[in-house]
Engineer: 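Handing you a structure now.
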Protein chains: 2
Amino acid sequence: MARQILGADTVMHAAPPLEGDVHLPLYRRLYETFARRIAAGDWKPGDGLPAETGLAKIYRIAPGTVRRALDDLALNGLVERRHGLGTFVRRPNFDNAMLRFFRFRDKDGNAFLPESRIVSRKLVSTPPKVARQLGLTDPLVIKMVRHRLWDGVPRLVEDIFLPQDRFKPLLSVSEEMIGPLLYPAYEQLCGQVVFAIEEDISIADVTVDDAADLGLQTGDLTVSVERIARNATATPIEWRISRGEARRFRYQLTSGQGD
Amino acid sequence: MARQILGADTVMHAAPPLEGDVHLPLYRRLYETFARRIAAGDWKPGDGLPAETGLAKIYRIAPGTVRRALDDLALNGLVERRHGLGTFVRRPNFDNAMLRFFRFRDKDGNAFLPESRIVSRKLVSTPPKVARQLGLTDPLVIKMVRHRLWDGVPRLVEDIFLPQDRFKPLLSVSEEMIGPLLYPAYEQLCGQVVFAIEEDISIADVTVDDAADLGLQTGDLTVSVERIARNATATPIEWRISRGEARRFRYQLTSGQGD
DNA sequence: AAGTGGTCTAGACCACCCG
DNA sequence: GGGTGGTCTAGACCACTTT
């Protein structure tokens with residue numbers, strides 16, 4: 001075989017390697033590659049990605065294929081495309097999502113940000129359910145208990161579990177540093193960004209502890225919302241369970257599939 | 001200007017007209033065109049569409065553009081693409097969707113089809129809320145009341161409202177003709193196919209009537225699910241409100257957006 | 001073997017946003 | 001004007017399914 005000879009004016013740039021199995025479609029491997037760069041904080045929320053044509057040259061892949069990967073990222077909410085401007089990493093805001101579930105409004109009927117009170121933060125031994133949901137082998141996990149208050153009255157009680165390898169800084173900062181919204185705190189203090197959530201909603205009799213915290217009586221019902229939060233590569237990074245009074249529950253849903 | 005002369009062997013086939021505004025993208029107008037053919041029953045659930053290349057020739061549009069329209073239809077659940085086989089109109093099945101909401105299981109924990117009992121079917125004057133939700137001007141609307149029973153016990157009560165121009169046949173057939181599932185009956189008796197639903201879930205004290213029907217007591221809570229069902233062109237064709245005991249409620253949700 | 005959808009490429013032209 | 005994403009075209013080649 002003849003060795004290839006390059007002229008002095010010919011420069012070979014090696015294309016960067018792609019994530020994922022070689023048998024996967026190129027657009028899928030590009031998607032994974034970009035998602036990892038976002039999850040790793042290489043591209044941060046608000047950042048603009050290189051233009052399609054630039055990415056196509058860098059990775060030596062046709063623009064149409066790059067485009068498909070970017071469109072899929074946009075479809076999954078990881079980036080936002082702005083015509084004439086560019087493609088930008090999204091900054092999702094799930095922290096208020098619970099407000100969609102419960103009818104907590106001020107006198108004028110507007111939703112508003114409830115007060116947040118972190119009741120405890122500590123390392124505990126990992127409950128089996130938490131280990132399963134987060135895919136953890138670590139015997140210890142960070143547990144935070146948070147109350148959310150409307151008009152000074154606790155309306156939601158939340159148990160929040162976080163892997164200590166990702167969230168250690170949360171244990172040492174003051175509550176003021178964390179603030180009323182957790183996901184921005186995760187991002188700023190720990191570099192962890194939530195891009196998708198799954199929730200499981202059910203109704204049960206109030207527990208003794210919750211009745212005391214929420215000012216309910218034995219026999220009252222609570223809605224409990226269990227949530228798994230995932231980063232850009234779909235790795236679970238938070239599990240929480242929130243409870244509130246059932247009568248205040250409300251939810252809206254759109255479905256295009258009938259499985 | 002020279003007139004164009006066609007040889008005898010040159011045949012011009014006029015491309016069929018497209019739905020939608022001429023300023024819309026071609027793939028969008030193709031989508032609308034195909035969706036209408038599905039909504040009109042021209043292409044029925046289970047039918048195979050012409051192949052991409054065939055459609056491209058018929059409409060004189062590049063295959064890539066036709067492909068985009070078909071991909072969007074698949075994304076919205078109107079068609080199903082099968083590699084090597086073709087593109088087929090889907091037959092969605094929302095009728096059991098309520099079973100996802102409530103914990104109704106047999107002894108072995110499996111979901112199963114509950115008994116369905118249609119309590120009444122008649123024309124009533126259109127309630128304002130129904131007129132609004134269905135976009136109706138007709139002063140009369142079909143109202144059906146249905147009970148769904150597990151182990152012979154009514155567990156769900158449903159009020160179902162349908163435009164009489166689309167669903168007149170439902171008033172004259174026997175209950176056996178309708179069967180336990182409504183959406184297949186809509187399709188077979190009235191040619192109406194549901195492709196998407198929206199639901200609004202809330203919790204309230206049980207009403208006197210529902211307490212009697214469901215065997216509940218004053219002070220018990222019910223979950224009520226309001227549903228709008230739409231056809232392939234997104235026109236609302238059914239509005240219903242279903243109530244069941246709150247304790248049996250359960251729901252699961254995945255969300256990739258944080259609005 | 002023939003027909004289908006799935007992937008990938010290459011390039012033209014348009015619409016939008018900014019300085 | 002120059003850069004960006006959005007639309008549309010044209011065609012090669014691959015993978016899957018049925019006859």
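Note that the structure is a prediction, hence the values are computed from the model and not measured.
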Engineer: From CZ of A/Arg29 over to P of C/dT7, roughly how many Å is that when rounded to an integer?
Structural biologist: 15 Å
Engineer: Counting C-beta onward and ignoring hydrogens, is there a side-chain heavy-atom pair between A/Val66 and A/Leu30 closer than 4.5 Å?
Structural biologist: yes
Engineer: Which value, rounded to the nearest 0.5 Å, describes the distance between B/Ile197 atom CD1 and B/Arg240 atom CZ?
Structural biologist: 8.5 Å
Engineer: Within the 4.5 Å heavy-atom criterion, are A/Glu238 and A/Met144 side-chain neighbours or not?
Structural biologist: no
Engineer: CD of A/Glu80 versus C1' of C/dC17: gap in Å, rounded?
Structural biologist: 15 Å
Engineer: Would you mind telling me which of C/dG5, D/dG5, C/dT9 lies closest to the side-chain atoms of A/Leu26?
Structural biologist: C/dT9
Engineer: Compare the minimum distances between each of C/dG6, D/dG6, D/dT4 and the side chain of A/Asp71, then state the nucleotide with the smallest one.
Structural biologist: D/dG6
Engineer: Starting at atom CG of B/Leu73, determine the distance to atom P of C/dG5, rounded to an integer number of angstrom.
Structural biologist: 13 Å
Engineer: Between B/Arg148 and B/Glu115, is any pair of side-chain heavy atoms under 4.5 Å apart?
Structural biologist: no
Engineer: Please report the distance, rounded to the nearest Å, between CZ in A/Arg67 and C1' in D/dC8.
Structural biologist: 11 Å
Engineer: Describe the nucleic acid contact of A/Arg82 in one word from base, sugar-phosphate, nothing, applying a heavy-atom distance below 4.0 Å.
Structural biologist: sugar-phosphate
Engineer: Extract from the structure each pairing of a protein N or O with an N or O of nucleotides 13-19 of chain D at less than 3.5 Å, listing the distance.
Structural biologist:
{"residue": "D/dA15", "atom": "N3", "partner": "B/His83", "partner atom": "NE2", "Å": "2.8"}

Engineer: Does D/dC8 have OP1 or OP2 under 4.0 Å away from a side-chain N or O of B/Thr65?
Structural biologist: no
Engineer: Identify whether any heavy atom of B/Arg68 sits under 4.0 Å from a base atom; if not, whether one sits that close to sugar-phosphate; answer base, sugar-phosphate or nothing.
Structural biologist: sugar-phosphate
Engineer: Rounded to whole Å, please give me the gap between CG in B/Leu30 and C1' in D/dT9.
Structural biologist: 14 Å
Engineer: List in chain and number order the residues that pass ring-ring contact (aromatic ring centres under 6.0 Å, His included) with B/Tyr59, two or more places apart in sequence or in another chain; answer none if no residue qualifies.
Structural biologist: B/Phe34
Engineer: Using a cut-off of less than 4.0 Å, is there contact between a side-chain N or O of B/Thr53 and OP1 or OP2 of C/dG3?
Structural biologist: no
Engineer: Is the NZ or CZ atom of A/Arg82 both under 6.0 Å from the centre of the six-membered ring of A/Phe88 and within 45° of that ring's axis?
Structural biologist: yes
Engineer: With sugar-phosphate meaning primed atoms plus P, OP1 and OP2, does A/Leu70 contact a base, only sugar-phosphate, or nothing at under 4.0 Å between heavy atoms?
Structural biologist: nothing
Engineer: So, the side chain of B/Thr33 versus the backbone of B/Leu18: is there a donor-acceptor pair under 3.5 Å, distance only?
Structural biologist: no
Engineer: Check the distance between C/dT7's C1' and A/Tyr31's OH and give it to me in whole angstrom.
Structural biologist: 19 Å
Engineer: Just N and O in the side chain of B/Arg81: are any of them under 4.0 Å from OP1 or OP2 of C/dT4?
Structural biologist: no
Engineer: So, OP1 or OP2 of D/dT7: does either fall under 4.0 Å of a side-chain N or O from B/Tyr27?
Structural biologist: yes
Engineer: Given atom CZ of B/Phe88 and atom C1' of C/dG5, what is their separation to the nearest angstrom?
Structural biologist: 11 Å
Engineer: Rounded to whole angstroms, how far apart are CG on A/Leu55 and P on D/dT4?
Structural biologist: 10 Å
